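The model shown is predicted, which means the values in this text are computed figures rather than measured ones. Residue indices begin at 1 and follow the sequence shown.
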Amino acid sequence: EMPFPDMPCAATPMEGGKLAHELLKEQINSINLWAENNRREAKWESFWFWALKVPVIVASASYGLMLNLNLGWELALAGAVSAACVLIDGLYRPGNLRNFHHRAYFELRMLANDLSDQWKVLLLKSDSDINSEAARLIEDARQRKAKISGYLADAEATLGKDAGSPKPKS
């Protein structure tokens with residue numbers, strides 16, 4: 001039922017109004033899916049950051065050895081690969097969005113857990129109107145998701161030029 005059964009996700013409560021339960025369950029699953037997508041994006045950003053740096057580091061570190069062993073064409077090839085990596089890295093700047101996606105992952109997981117916990121508390125309160133309280137929770141989640149979406153969109157639009165310490169709009 002969960003898109004990622006092996007991943008510890010916020011538990012969806014099983015009691016309460018059926019419609020409210022289904023809507024909250026859908027909301028929590030959606031948030032967890034979005035969180036997982038951000039985790040995956042953060043990993044790809046890290047991979048591409050290092051994928052362009054490692055060949056340059058290796059070529060630089062082995063330059064003296066290749067020169068000493070008279071490996072002329074290998075040295076030229078290593079230089080060409082290094083130059084291409086530096087050029088791509090300079091133009092594309094991979095890895096700039098990693099911190100934004102990583103932060104979004106944790107904030108979304110916290111949001112899903114908060115939503116689940118608040119729902120459980122509401123179920124224990126006998127005097128609350130489950131449907132209106134569930135609507136309030138979903139609206140609160142929508143507003144928090146909009147903030148996260150906003151800072152991700154801003155980061156992607158600027159390619160993370162202000163990366164390092166992502167700050168969502170308050």
If hydrophobic clusters are built by linking Ile, Leu, Val, Met, Phe, Trp and Tyr wherever their side-chain heavy atoms come under 4.5 Å apart, do L23 and I31 end up in the same one? yes

For F106, is the NZ or CZ atom of R39 found under 6.0 angstrom from the centre of its six-membered ring and inside 45 degrees of the ring axis? no

Members sharing W48's hydrophobic cluster, built from side-chain contacts under 4.5 Å between Ile, Leu, Val, Met, Phe, Trp and Tyr, are W44, F47

Hydrophobic cluster membership, with links at side-chain heavy-atom distances under 4.5 Å among I/L/V/M/F/W/Y: are L19 and I28 in one? yes

Donor-acceptor contact below 3.5 Å, side chain Y105 vs main chain A42: no

Tell me, please, which residues at least two apart from S60 pass side chain to side chain donor-acceptor pair (under 3.5 Å). none

Would you say D140 and R144 make side-chain contact, with heavy atoms under 4.5 Å? yes

Under 4.5 Å side-chain linkage, directly or through intermediates, the cluster mates of L75: Y63, L65, M66, L67, L69, L71

Heavy atoms, side chains only, cut-off 4.5 Å: are R103 and N99 in contact? no

Could you state whether L97 and L52 fall into the same hydrophobic cluster, counting links through intermediate Ile, Leu, Val, Met, Phe, Trp or Tyr residues with side-chain heavy atoms under 4.5 angstrom apart? no

Got a sec, which residues hit side chain to side chain donor-acceptor pair (under 3.5 Å) with S30, two or more places apart in sequence or on another chain? none

W34 CH2 to I148 CD1 distance, which is reported to the nearest 0.5 Å: 5.5 Å

Ignoring hydrogens and geometry, is there a side-chain-to-backbone donor-acceptor pair from S116 to A112 under 3.5 Å? no

Under the 4.5 Å side-chain heavy-atom rule for ILVMFWY, direct or indirect, which residues accompany V86? V56

Pair R142-E139, salt bridge (charged side-chain N to carboxylate O under 4.0 Å, His left out): steps then yes or no: CA-CA 5 Å; R142 186 195 63 75; E139 178 59 25; 2.6 Å; yes

Would you mind listing every side-chain hydrogen bond (donor to acceptor under 3.5 Å, both in side chains) that reaches into residues 67-90, with sequence neighbours excluded? K53-D89

